[in-house]
A.B. asks: 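Pasting a structure here, questions to come.
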There are 2 protein chains.
Amino acid sequence: MVKTKRSSDSPAGSASEQRRLQMVDIARLAGVSVSTVSRALNGSELVNAETRQRVAELARSLNYSINFGARNLRLQENKTVAVVVPFDAASRQHISDPFFLSIVGSIADALTDRGYDMLLSRVDAERLDLASHWFDSGKAIGVILIGQWRHHDQLNEMAARKLPLVVWGGEMPQQLYCSVGGDNVQGGLLAARHLLSLGKRRIAFIGDAHLPEVWLRRQGYVQALAEAGLQPEPALELAAPFEPGVATAIVREFCQARRDFDAVVCCSDVLALLTIQGLRAAGRSVPEDVALVGYDDMPLAAYCDPPLTTVHQPVAEAGAELVEALLGQLRGERSGPRTMPVYLKLRQSAPDAAA
Amino acid sequence: MVKTKRSSDSPAGSASEQRRLQMVDIARLAGVSVSTVSRALNGSELVNAETRQRVAELARSLNYSINFGARNLRLQENKTVAVVVPFDAASRQHISDPFFLSIVGSIADALTDRGYDMLLSRVDAERLDLASHWFDSGKAIGVILIGQWRHHDQLNEMAARKLPLVVWGGEMPQQLYCSVGGDNVQGGLLAARHLLSLGKRRIAFIGDAHLPEVWLRRQGYVQALAEAGLQPEPALELAAPFEPGVATAIVREFCQARRDFDAVVCCSDVLALLTIQGLRAAGRSVPEDVALVGYDDMPLAAYCDPPLTTVHQPVAEAGAELVEALLGQLRGERSGPRTMPVYLKLRQSAPDAAA
DNA sequence: ATGAAAGCGCTAACAG
DNA sequence: CTGTTAGCGCTTTCAT
């Protein structure tokens with residue numbers, strides 16, 4: 001036999017004792033059975049209105065709150081969603097990009113609105129598959145992953161294992177999992193077209209095209225070049241990662257080495273900031289010498305030096321979209337990838353032609 | 001009787017069926033009892049080494065993972081900490097200040113390192129006491145609250161109710177709860193002293209002194225003024241809140257109305273950015289006309305226009321400190337408030353006298 | 001070294 | 001309308 005009860009029989013233990021109140025305590029005090037308390041607290045019609053009232057009042061006055069662990073176990077139910085932000089193990093960079101943090105905030109809102117809890121955690125970007133742990137262990141009913149990183153394959157495999165999963169990112173060919181993201185091709189297209197409209201012809205592209213989102217943005221960039229009768233030049237493409245710690249040196253070196261571009265498309269606003277810094281170190285100015293377009297339109301993009309012209313991503317809507325996609329999946333709906341519209345926000349780093 | 005089992009008796013259900021693997025399945029396949037599986041998986045010495053090996057292998061190959069809900073219920077244990085970020089209900093502003101988000105990231109790291117999970121949520125800044133819900137419902141073993149906001153009183157009351165609680169913020173007189181924060185008095189002092197050393201004499205202060213942290217920073221500011229034989233001028237103090245949505249108009253108006261200050265201490269980097277914008281709108285420049293010091297040293301502070309001279313807060317260390325304080329409390333240690341050192345980071349918005 | 005059985009706090013089917 | 005009872009998946013005492 002197991003003996004875990006702390007005190008022998010007293011409802012709430014001795015004064016100093018801090019036992020958590022349970023239904024059985026309420027039941028005893030109300031002079032009814034636990035089932036009745038359970039029903040009353042769940043607003044069941046089965047229980048006498050007056051009793052229900054009395055029990056509810058008692059529970060409130062005693063500051064009772066239900067043990068969700070027990071309830072969930074019994075009901076085989078769970079209202080927790082895991083939100084997982086990949087981090088770069090090599091550089092030990094953490095959750096830090098303002099854009100990703102904004103997305104997390106947006107998801108937090110969407111989950112709260114729907115009565116779900118959010119379990120936030122990190123995972124090594126090389127082992128995205130480990131994110132399934134939260135589901136496997138029953139801690140969460142599903143996983144929202146922020147970004148695809150380099151492991152489209154792992155994500156497909158997770159989806160194949162029937163893990164309830166939604167990923168913020170771009171839609172790739174042969175994709176088994178559900179993704180939600182901005183229209184990356186369109187974003188790249190808008191950015192490059194704008195720079196071309198300013199008369200720029202040698203447009204650099206900064207971003208790691210191994211990442212699906214960047215790869216798609218690059219397609220838009222290439223398409224815009226083609227529209228203007230131009231070819232992409234490999235020498236003007238720089239595969240800089242999103243982690244500032246790693247990117248800083250790479251970008252700086254690039255700006256020192258090549259002075260033959262007059263504009264640049266950066267795949268995040270943070271990269272844009274690093275690029276501006278690199279250009280300045282190389283004695284060039286933005287937007288006079290080099291026009292620059294960022295990506296994300298992070299909250300601070302308007303306050304940088306200079307304020308960033310950037311592709312606006314629908315952060316506020318992203319949370320709801322991701323959460324809905326996940327809940328839909330759990331309801332058994334076959335929800336495909338969703339692509340949300342983006343637009344170009346004009347500011348000083350690549351001002352309008354008129355300006 | 002309750003009939004919840006999905007399929008009659010099959011170990012893993014039919015092909016299409018997606019039942020979660022349990023100990024009983026492993027037990028059946030290994031030809032032992034559940035108790036043995038439990039012991040084996042927990043590395044108990046009680047079970048034969050060879051059996052233990054076999055069970056462990058089987059579990060791994062089947063990709064079994066334990067149901068934590070059940071385990072926690074049985075063990076009366078929980079490794080989840082609630083991290084709560086207050087939001088301003090009036091303005092519907094969400095988790096958004098980069099500094100708070102950085103702190104959240106830092107806590108995420110610290111919790112992960114110690115094997116804890118993080119439940120992230122928001123709470124109305126007027127009802128901080130609602131944060132106790134996560135503890136009361138057994139979802140978390142304790143609460144880390146980001147900021148004290150205006151409700152020192154509610155926090156004291158929560159602590160009095162024995163809620164395991166740690167708050168990021170400043171140490172106030174008569175404080176019952178455990179706080180962890182930067183040295184705010186010192187921060188305000190360093191900021192104002194620096195401006196004085198630049199020869200500035202009319203130094204504005206922007207931040208809502210109803211908030212404990214701001215109140216403490218203001219003390220440092222006043223002390224620095226006193227050292228220089230100056231009195232604080234109420235007309236140069238602006239009670240702007242941290243939420244950009246609300247602060248923008250207030251700051252702008254202030255900058256239009258008063259042109260009689262030559263320096264300003266802002267209580268966050270975001271407020272600093274808004275102030276710079278307001279000053280520009282009023283035809284004044286930073287740092288030429290007005291020298292400005294921010295607060296937080298958020299990741300992007302170095303990339304603003306101009307780069308911000310600001311009080312650096314120990315974000316990276318903050319997470320570990322907060323988590324340790326909470327865990328210490330749970331171990332029964334009487335941990336008092338902790339104040340961490342801050343320093344002034346010199347950049348262009350208030351450059352060194354030499355520059 | 002292993003198994004049977006009880007019970008963590010809760011819900012719901014069943015029987016009054 | 002209410003109480004009794006079984007059981008969610010796990011750990012552990014007790015008995016072998």
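Order of the sequence lines sets the chain letters (A, B, ...), proteins ahead of strands, with each chain counted from 1. What you are looking at is a predicted structure, and each value in this text was computed from that prediction instead of being measured.
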A.B. asks: Regarding Thr36(A), tell me which of base, sugar-phosphate or nothing describes its non-hydrogen contacts under 4.0 Å with the strands shown.
C.D. replies: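 The answer is sugar-phosphate, as Thr36(A) gets under 4.0 Å only of primed atoms, P, OP1 or OP2.
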A.B. asks: Rounded off to whole Å, could you give me the CG-to-C1' distance for the Leu46(B) and dT16(D) pair?
C.D. replies: 14 Å
A.B. asks: Can you tell me if Arg71(B) touches the phosphate of dT11(D), counting only side-chain N or O atoms and a distance under 4.0 Å to OP1 or OP2?
C.D. replies: yes
A.B. asks: Between Glu324(B) and Arg331(B), is the closest basic N to carboxylate O distance under 4.0 Å?
C.D. replies: yes
A.B. asks: Under 4.0 Å, heavy atoms only, any strand: does Asn72(B) hit a base, just the sugar-phosphate, or nothing?
C.D. replies: nothing
A.B. asks: Does Leu75(B) reach a base, just sugar-phosphate, or nothing at all? Heavy atoms under 4.0 Å.
C.D. replies: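 The answer is sugar-phosphate, as Leu75(B) gets under 4.0 Å only of primed atoms, P, OP1 or OP2.
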A.B. asks: Keeping the roles fixed (side chain from Arg127(A), backbone from Val123(A)), state whether a donor-acceptor pair exists under 3.5 Å.
C.D. replies: no
A.B. asks: Check the phosphate of dG9(D) against Gln76(A), side-chain N and O only, distance under 4.0 Å to OP1 or OP2. Yes or no?
C.D. replies: yes
A.B. asks: Respond yes when some side-chain nitrogen or oxygen of Asn42(A) is under 4.0 Å from OP1 or OP2 of dT11(C), and no when none is.
C.D. replies: yes
A.B. asks: May I ask you to evaluate whether Tyr64(B) reaches the phosphate of dC10(D), defined as a side-chain N or O under 4.0 Å from OP1 or OP2?
C.D. replies: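 For dC10(D), OP1/OP2 do have a side-chain N/O of Tyr64(B) under 4.0 Å.
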A.B. asks: Pick the closest DNA chain C nucleotide for Ala70(B) and for Glu45(B) by heavy atoms, then say which residue is nearer the 5' end.
C.D. replies: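 Final value for this comparison: Glu45(B).
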A.B. asks: Measure up the His152(B) and Tyr177(B) rings against each other and bin them: parallel (under 30°), tilted (30 to 60°), perpendicular (over 60°).
C.D. replies: perpendicular
A.B. asks: Would you mind telling me which of dC10(C), dG3(D), dA5(C) lies closest to the side-chain atoms of Ser35(A)?
C.D. replies: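 Nearest to the side chain of Ser35(A) among the choices is dG3(D).
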A.B. asks: From dT2(D), dT12(D), dG3(D), pick the nucleotide closest to the side chain of Thr51(A)?
C.D. replies: dT2(D)
A.B. asks: Is Arg161(A) positioned over the aromatic face of Phe135(A), cation under 6.0 angstrom from the ring centre and no more than 45 degrees off axis?
C.D. replies: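 Arg161(A) over Phe135(A) ring: no.
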A.B. asks: Given atom CG of Asn67(B) and atom P of dG7(D), what is their separation to the nearest angstrom?
C.D. replies: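 Checked: the CG to P distance equals 18 Å.
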A.B. asks: Quick one: which of dT4(D), dA6(D), dG3(C) gets closest to the side chain of Ser33(A)?
C.D. replies: dT4(D)
A.B. asks: Given atom CG of Leu41(B) and atom P of dG9(D), what is their separation to the nearest angstrom?
C.D. replies: 16 Å
A.B. asks: From the set dT12(D), dC8(C), dC10(D), return the single nucleotide nearest to any side-chain atom of Leu73(B).
C.D. replies: dC8(C)
A.B. asks: What nucleotide, of dG9(C), dT12(D), dT11(C), holds the atom closest to the side chain of Met23(A)?
C.D. replies: dT11(C)
A.B. asks: Could you check which of dC10(D), dT2(D), dA4(C) has an atom nearest any side-chain atom of Arg39(B)?
C.D. replies: dA4(C)
A.B. asks: With the side chain counted from C-beta on, respond yes when Leu155(B) and Leu128(B) share a heavy-atom pair under 4.5 Å apart, and no when they do not.
C.D. replies: yes
A.B. asks: Once you round it to whole Å, what is the distance between P of dC10(C) and CG of Leu21(A)?
C.D. replies: 9 Å
A.B. asks: Of the listed nucleotides (dC10(D), dG7(D), dT2(D)), which one gets closest to any side-chain atom of Arg74(A)?
C.D. replies: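 Looking only at side-chain atoms, Arg74(A) lies closest to dG7(D).
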A.B. asks: Can you tell me the distance, in whole Å, between the CD atom of Glu77(A) and the C1' atom of dG9(D)?
C.D. replies: 16 Å
A.B. asks: Find the distance Gln22(B):CD to dT11(D):P and express it as a whole number of Å.
C.D. replies: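 After rounding, the reported distance stands at 12 Å.
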A.B. asks: Taking the side chain as everything from C-beta on, heavy atoms only, tell me whether Val55(A) gets closer than 4.5 Å to Leu41(A).
C.D. replies: yes
